Undergrad: 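Got a structure here, written out as structure tokens. Questions coming.
The chains referred to below are lettered A, B, ... by the order of the sequence lines, with proteins before strands, and numbering in each begins at 1. Just so you know, these numbers come straight off a predicted model, no measurement behind them. Hydrogens, waters and symmetry mates are skipped; everything else that's a heavy atom, side chains included, is used.
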Amino acid sequence: MRPVPLTSPGGPTAPAGRRTLGAKVKFATRYFLRLLRTHPSYAAGYVIVTVVVLVAIAAPVIAPYSPITADPSVYLQSPSLAHPFGTDNTGMDVLSRVIYAPRIDLAIAVIGTAISAIIGTLLGAWVGYFQGTPGIRNIASGTTMRAADVLQAFPVFVFAIALVAVFGQSINSVIFAIAFVNIPIYLRLMRSQVLSIRRMRYVEAAFVSGMPDRFIIRDHIVPNAIGPVLAQLSVNIGWSILLTAGLSFVGAGVRAPTPEWGAMIATGFPNVMTGQWWPSVFPGLALAVTVYGFALIGTSIEFMADPRRRRTLAAAQVSA
Amino acid sequence: MTEAMRGEAQSLVTRANIRQGNPASAGRASAASEGPAVIDVRDLEVAYYVYGAEPTRALRNVSVRLRPGEILGLVGESGAGKTTLARAIMRVVPRPGRIERGEIFFMGTDLGAMSEAELSKLRGRDLAMIVANPRGELNPLLRIGPQIATIAEVHLGVSRKRGLEMALDMLRAVAIPDPERRLRAYPHELSGGMAQRIVIAMALICGPRFVISDDATSGLDVTVQAQVLDLLRKLVREQNTSMLYITRDIGVAANFCDRVDIIYKGEIVEDAPTEAFFSGPAHPYSNFLFAAFSHNAELRRRWMGSAPSPESDAAEALCLYADRCVKRQVRCLAEHPALRELAAGRLARCHFPVER
């Protein structure tokens with residue numbers, strides 16, 4: 001590691017004077033590139049996720065075959081030029097299905113995570129801020145936490161299966177299940193952050209200068225507590241992809257003809273025993289790499305959300 | 001009071017004045033003009049309830065009055081109850097503390113009878129507080145400008161744009177170099193002295209009637225401290241704000257304040273105009289504080305009493321300073337002294353006040 005000077009003259013700290021939007025964008029871009037250069041693993045994360053997203057969008061163009069058309073005459077063929085990832089036991093092209101799958105997996109994971117993050121974060125900020133203050137709000141926040149305890153007492157996977165079973169097997173049910181099982185995670189994460197942040201002197205100072213609670217939560221609590229949540233977000237999208245795939249694998253998620261990594265692994269699984277590994281391994285690899293990519297992005301977001309760590313980046317640049 | 005003592009006291013005042021580069025004490029009497037009290041604390045008692053022990057009484061029967069434009073110095077050692085008094089006035093006594101008794105009037109209205117909502121309208125607008133370690137008072141993720149501006153926005157109902165203009169004016173008023181740029185700085189980019197000025201700007205942006213400075217300059221080195229104090233006094237005089245200046249530095253109090261209150265174990269033990277106080281403190285504890293700041297070893301020896309004994313709260317019947325007092329007599333252990341008037345405007349809580 002390079003020696004880091006204490007001051008950072010000329011580094012990407014805020015330049016003097018009001019900046020135009022163009023200058024801001026340029027500054028942010030330069031800064032972002034610098035982050036990727038100093039942390040190659042973050043760059044790998046962004047590359048992975050970008051590729052997955054682009055592939056999902058451009059699936060109809062890149063995929064050599066239809067993902068849901070079975071051709072029984074070519075079932076279980078090993079990887080070849082015609083079928084680079086081989087074909088599965090119904091004769092569907094594995095490559096095309098792997099390419100189409102993120103459309104389903106990503107959509108479910110992103111929407112589910114977003115819903116749970118928004119609800120969980122707001123609830124967590126509220127619960128953490130009012131916990132221990134006298135009155136009805138303390139009782140309400142206690143009740144919320146006990147409800148979260150009950151939800152988290154169930155194993156996530158079993159709970160998700162139960163939810164899908166209750167609401168019927170559809171993509172919406174899977175999204176709902178993912179959102180529901182993740183809310184307590186964000187709730188807890190945010191609450192624990194808020195409990196320490198609200199003891200900070202600047203929160204007390206804001207209170208003593210007559211700031212209403214909603215201002216304190218908006219200006220001081222949420223921005224200071226949100227860092228780990230943002231980092232969690234990306235990691236959680238990865239988990240949610242896993243959960244979606246897991247649900248489909250056991251048959252509680254997306255149904256068979258729809259291209260989805262988990263369902264594909266499940267379909268191909270019996271053939272692995274007899275040596276035809278490709279219908280399961282390729283979707284499995286795609287799944288693993290995608291989840292890893294989201295985890296890396298999560299780490300980089302955590303880095304960027306913290307101005308003090310951002311500063312070390314500026315310093316490293318100067319010494320470079 | 002001995003000749004040596006008087007000389008020492010005088011030189012302390014002079015030294016402080018020289019340090020501040022400000023010999024003016026003539027303006028003080030007129031600045032603290034007569035009028036209704038801005039803050040009137042009456043018989044305030046605060047106790048901390050610690051589980052499994054007797055409640056600790058942090059403030060006993062404290063009465064403090066501040067007239068418009070007056071700067072009152074509150075001097076005492078650690079644990080005397082200075083900060084508790086400040087927080088009680090803001091009505092933010094930290095748990096497990098409780099206001100047991102007494103009233104706090106602000107411009108004639110009882111703060112104790114106000115709802116939390118009414119109080120938060122007063123806090124930051126009419127009642128402001130400046131504390132030590134200013135960097136902790138600033139949200140590390142927000143730029144300085146918006147942090148200052150929000151206070152004006154909330155209390156004065158101004159727009160963000162106007163709020164930022166006011167913040168810029170305040171940064172100029174607290175003599176921050178390159179204020180336009182500092183408005184966009186993050187707290188970690190500021191030096192300690194600058195952060196202190198920012199916190200002062202935040203406290204004064206709404207033109208409060210009353211400011212508490214709780215040991216605000218103690219974390220700064222002496223030259224910066226002098227600058228900040230000068231600035232604080234200038235701003236307070238301009239806005240005709242009353243100020244409770246809490247400090248452990250009796251030298252600063254000598255130069256900065258119109259009146260001085262000495263607090264010991266939660267009791268006001270002496271209350272006197274600065275000039276009178278520094279030409280001859282009446283309470284033995286005040287003399288001890290004095291001697292502690294003195295370079296005169298003989299003086300220090302004379303007033304240095306025995307080490308404090310563990311606090312015995314039950315001992316209501318004796319003078320709280322009796323265990324340390326060098327002038328202790330039998331009566332001090334038998335009877336709790338009242339705060340009584342020695343001369344016009346001079347009060348001391350002692351059976352045997354030091355003669356001048």
Side-chain angles (χ1 to χ4, degrees), chain A residues 6-9 11-19 23-24 27 130-135 137-138 193 196-228 230 304-312 314-315, chain B residues 86-87 89-92 94-95 116-156 164 178 180-189 199 202-206 208 212 214:
Chain A
L6 289 173
T7 54
S8 57
T13 49
R18 199 173 287 278
R19 286 179 291 157
K24 273 184 188 169
F27 175 74
F130 289 114
Q131 181 172 318
T133 56
R137 294 194 280 208
N138 184 31
Q193 285 288 310
S196 68
I197 298 292
R198 74 167 187 182
R199 299 252 173 269
M200 291 285 162
R201 305 237 333 256
Y202 51 82
V203 173
E204 207 186 340
F207 181 77
V208 172
S209 59
M211 291 286 144
D213 289 330
R214 60 176 194 284
F215 275 73
I216 298 180
I217 293 179
R218 188 197 70 189
D219 287 353
H220 302 300
I221 301 281
V222 171
N224 278 290
I226 203 85
L230 291 180
M304 287 188 286
D306 187 343
R308 283 152 292 198
R309 284 171 75 188
R310 268 205 313 250
R311 221 169 131 80
T312 65
Chain B
R87 301 186 59 134
I89 292 174
M90 300 300 284
R91 295 205 79 88
V92 284
R95 289 196 299 169
E116 207 39 56
E118 288 171 313
L119 278 171
S120 56
K121 287 203 184 90
L122 277 185
R123 288 186 196 126
R125 172 161 198 169
D126 288 325
L127 306 173
M129 192 158 164
I130 311 165
V131 302
N133 179 21
R135 220 173 304 201
E137 302 290 300
L138 298 169
N139 181 343
L141 298 186
L142 284 183
R143 292 172 197 273
I144 298 303
Q147 283 200 61
I148 305 177
T150 314
I151 295 175
E153 285 162 37
V154 167
H155 289 297
L156 307 178
L164 283 172
D178 201 357
E180 286 89 355
R181 180 165 158 231
R182 292 300 166 201
L183 221 45
R184 273 180 288 282
Y186 284 100
H188 69 259
E189 298 169 352
V199 170
M202 289 172 84
L204 299 183
I205 191 166
C206 295
I212 298 172
D214 186 1

Undergrad: Could you tell me which residues satisfy side chain to side chain contact (heavy atoms under 4.5 Å, CB included) with B:Pro140, sequence neighbours excluded, listed by chain and number?
TA: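 For B:Pro140, the residues satisfying side chain to side chain contact (heavy atoms under 4.5 Å, CB included) (neighbours in sequence not counted) are A:Tyr202, A:Asn224, A:Arg308.
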Undergrad: Does any backbone or side-chain atom of B:Glu137 lie under 4.5 Å from a heavy atom of chain A? Answer side chain, backbone, both or neither.
TA: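 Both parts, heavy atoms under 4.5 Å.
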Undergrad: So which part of B:Leu142 gets closer than 4.5 Å to some heavy atom of chain A, the side chain, the backbone, both or neither?
TA: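 For B:Leu142, the side chain is the part near chain A, not the backbone.
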Undergrad: Drop me the distance from B:His188's NE2 to B:Leu138's CG, to the nearest 0.5 angstrom.
TA: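 Answer rounded to 0.5 Å: 12.5 Å.
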Undergrad: Looking at B:Glu189 and B:Arg143, is there a salt bridge between them, counting it only when a charged N and a carboxylate O are closer than 4.0 Å?
TA: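 Answer for the salt bridge query: no.
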Undergrad: Mind checking what makes salt bridge (charged side-chain N to carboxylate O under 4.0 Å, His left out) contact with B:Glu118, not counting sequence neighbours?
TA: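 Partners of B:Glu118 by the salt bridge (charged side-chain N to carboxylate O under 4.0 Å, His left out) criterion come out as none, since no residue qualifies.
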Undergrad: For the candidates A:Val208, A:Asp219, A:Val203, A:Ile197, which exhibits the highest count of non-hydrogen atom pairs separated by less than 4.5 Å from chain B?
TA: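 With the most close heavy-atom pairs to chain B, the winner is A:Val208.
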Undergrad: Which residue out of B:Arg91, B:Glu116, B:Lys121, B:His155 racks up the most heavy-atom pairs below 4.5 Å with chain A?
TA: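 Going by pairs under 4.5 Å, I would pick B:His155.
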Undergrad: Do any N or O atoms from the side chain of A:Arg137 and from the backbone of A:Phe130 form a donor-acceptor pair under 3.5 angstrom?
TA: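 The answer is no, because no donor-acceptor pair under 3.5 Å joins these two groups.
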Undergrad: Out of B:Gly136, B:Ala128, B:Ala117, return the one with the most heavy atom pairs under 4.5 angstrom to chain A.
TA: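 Option with the top pair count is B:Gly136.
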Undergrad: Which atoms of B:Arg87 come close to chain A, meaning under 4.5 Å heavy atom to heavy atom: side chain ones, backbone ones, both, or neither?
TA: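 Contact with chain A involves the side chain of B:Arg87 alone.
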